[in-house]
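Heads up: the structure comes next, in structure tokens.
The chain is numbered in sequence order, starting from 1.
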Amino acid sequence: MRTTMPALLFVSAIALTGLSPASAAWQPERPIEFVATAGPGGGTDNLARAVQNIITKYKLTGEPVVVVNKGGGSGAEGYVYAKASAGDPYKVIFGTSNAWQQPLVSKVAFNYTDLTPIAAMAQDEFLLWVKQDAPYKTAGDYLKAAASHDFKMGGAQSKDTDEVLTRMIEKVGHVKLTYIPFKSGAEAAVQLAGGHIDSHVNNPSESLGQWRGGTQRPLCAFSPKRLPEGPKVTATEGWSDVPTCVEQGLDIPQYEQPRTVWLPGKITPDQAAYYVDLMKRVQATPEWKDYIEKTSQVDTFLTGADFDKFIKQDLEHLKQVASEQGWLIK
């Protein structure tokens, strides 16, 4: 599944003007708050802090940037906070497809149309992870074991991308998994290392340290081809050494998650244009390229009409999965 998103509250032509901070009609005049809609250590938190570090290093804005975590309610806490901050251009929200997915499957006090979309900056991959000493070597081995045992699958948040993928694994693999939600992928990784769950479907960045540290390992990647070659994670293996799930008998050829940036609603076009340009400047740095390579993500930049098209396409796919699971809000 490759997702893409909408530009709802500002005209894409204005958002794509490419104004530099020096010439923009609007510039920040006080500290900026980056709101990560997940717990510390997860992919969303990692993205917010990577962008913060780049902005700080290159002085891309004249004001300080702080990161706060508001991951309660499967990320709804951060989006409700954004909705309540309508008109405030000093709140920058970092999320995923949960911005439009949560209102579809949960009774939350926001809709993605309450927000101003800025950009989708990356597509993050998913892998099937198990403990380092787990007896199964392939996804096929895992499915055979899961067919006869009560396997616990951990994930970040409830009825979000991790659980959607878990339900897809169940359907394709003809197994039943007990899904256990945590505040972030980082928490799921800790639980797997401790043997409290049997697997999780973290993004590469969320379990990079655990793979390097020898507490867990990836069985396969939900990608149509092996992930790009980069630096070795362990002494002998890197992301490109991980087989695709299709190679190992789990027929889910592609599943990705967009990394998204938003502002509250009722933002002016020049305020939105400032942040579109700021994120473009972040992506032009070598540190961003390094972040993308180390976390094995797909570099992209969707804004305006392209973002809007992506969201609508993803909503159609999610409605199908949610309907099968009985999640749709009536």
Spacing of [X] atom [atom1] and [Y] atom [atom2] [to the nearest 0.5 Å]:
{"X": "Tyr58", "Y": "Thr285", "atom1": "OH", "atom2": "OG1", "value": "5.5 Å"}
{"X": "Gln27", "Y": "Glu63", "atom1": "CD", "atom2": "CD", "value": "9.5 Å"}
{"X": "Leu278", "Y": "Ile32", "atom1": "CG", "atom2": "CD1", "value": "7.0 Å"}

Any donor-acceptor pair under 3.5 Å linking the side-chain atoms of [Y] with those of [X]?
{"X": "Ser184", "Y": "Glu187", "value": "no"}
{"X": "Gln257", "Y": "Thr161", "value": "yes"}
{"X": "Asp299", "Y": "Gln283", "value": "yes"}
{"X": "Thr96", "Y": "Arg259", "value": "no"}
{"X": "His200", "Y": "Gln216", "value": "yes"}
{"X": "Asn111", "Y": "Trp100", "value": "no"}

Legend entry - Face-on cation placement of Arg30 at Tyr90 ring, 6.0 Å and 45° thresholds: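 Yes, a cation-pi geometry.
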
Legend entry - Cation-aromatic face contact Lys70/Tyr81, 6.0 Å, 45 degrees: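 Pair Lys70/Tyr81 counts as cation-pi.
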
[X] (side chain) donor-acceptor with [Y] (main chain) under 3.5 angstrom:
{"X": "Lys83", "Y": "Ala109", "value": "yes"}
{"X": "Gln52", "Y": "Val65", "value": "yes"}
{"X": "Asp141", "Y": "Lys137", "value": "yes"}
{"X": "Asn53", "Y": "Arg49", "value": "yes"}
{"X": "Gln271", "Y": "Thr268", "value": "yes"}
{"X": "Asn203", "Y": "Gly43", "value": "no"}
{"X": "Thr260", "Y": "Gly95", "value": "yes"}
{"X": "Asn69", "Y": "Ala38", "value": "yes"}
{"X": "Gln248", "Y": "Cys245", "value": "no"}
{"X": "Arg217", "Y": "Gln132", "value": "yes"}

Legend entry - Verdict with reasoning, Lys309 to Asp306, per salt bridge (charged side-chain N to carboxylate O under 4.0 Å, His left out): CA-CA 5 Å; Lys309 180 182 177 182; Asp306 289 336; over 6 Å; no

So do [Y] and [X] actually touch side chain to side chain, heavy atoms under 4.5 Å?
{"X": "Glu237", "Y": "Thr234", "value": "yes"}
{"X": "Met168", "Y": "Val164", "value": "yes"}
{"X": "Thr138", "Y": "Leu219", "value": "no"}

Should we say atom [atom1] of [X] is surrounded by more than 12 heavy atoms from elsewhere, each under 6.0 Å from it?
{"X": "Lys171", "atom1": "NZ", "value": "no"}
{"X": "Lys91", "atom1": "NZ", "value": "yes"}
{"X": "Lys225", "atom1": "NZ", "value": "no"}

Legend entry - Minimum-distance pair of heavy atoms, taken over all atoms of Ala82 and Pro264: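 Ala82 and Pro264 have their closest heavy atoms at O-CB, 3.3 Å.
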
Legend entry - Least distance between heavy atoms, Trp262 atom then Tyr112 atom: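 Where Trp262 meets Tyr112 most closely, the heavy atoms are CZ3-O, 4.3 Å.
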
Inset, instruction - Sorted by first residue and then second, give each ring pair (Phe, Tyr, Trp, His ring centres under 6.0 Å) pair with at least one member in residues 148-184; sequence neighbours left out. - result: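 Listed once each, the pairs are Tyr136-Phe151, Tyr142-Phe151.
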
Inset, instruction - Show the numbers, then the answer: is there a salt bridge (charged side-chain N to carboxylate O under 4.0 Å, His left out) between Arg226 and Glu247? - result: CA-CA 10 Å; Arg226 294 201 179 197; Glu247 283 180 64; 3.0 Å; yes

Legend entry - Test of ring centre spacing under 6.0 Å for Tyr255 and Phe126: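 Yes; Phe126 has its ring centre under 6.0 Å from that of Tyr255.
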
Inset, instruction - For the pair Trp26 and Tyr274, name the ring-plane relationship: parallel under 30°, tilted 30 to 60°, perpendicular over 60°. - result: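 Perpendicular, since the angle between the ring planes exceeds 60°.
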
Legend entry - Whether Trp211 and Trp129 hold their rings parallel, tilted or perpendicular, with breakpoints at 30° and 60°: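 Correct class here is perpendicular.
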
Legend entry - Asn98/Ser74 under side chain to side chain donor-acceptor pair (under 3.5 Å): CA gap, chis, key distance, verdict: CA-CA 8 Å; Asn98 58 0; Ser74 296; over 6 Å; no

Legend entry - Glu163 and Arg167: CA distance, side-chain angles, deciding distance, salt bridge (charged side-chain N to carboxylate O under 4.0 Å, His left out) verdict: CA-CA 6 Å; Glu163 186 169 4; Arg167 302 312 174 198; 2.9 Å; yes

Inset, instruction - Report yes or no: do Leu143 and Leu177 belong to one cluster of Ile/Leu/Val/Met/Phe/Trp/Tyr joined by side chain heavy-atom distances under 4.5 Å? - result: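 Yes, Leu143 connects to Leu177 through the hydrophobic network.
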
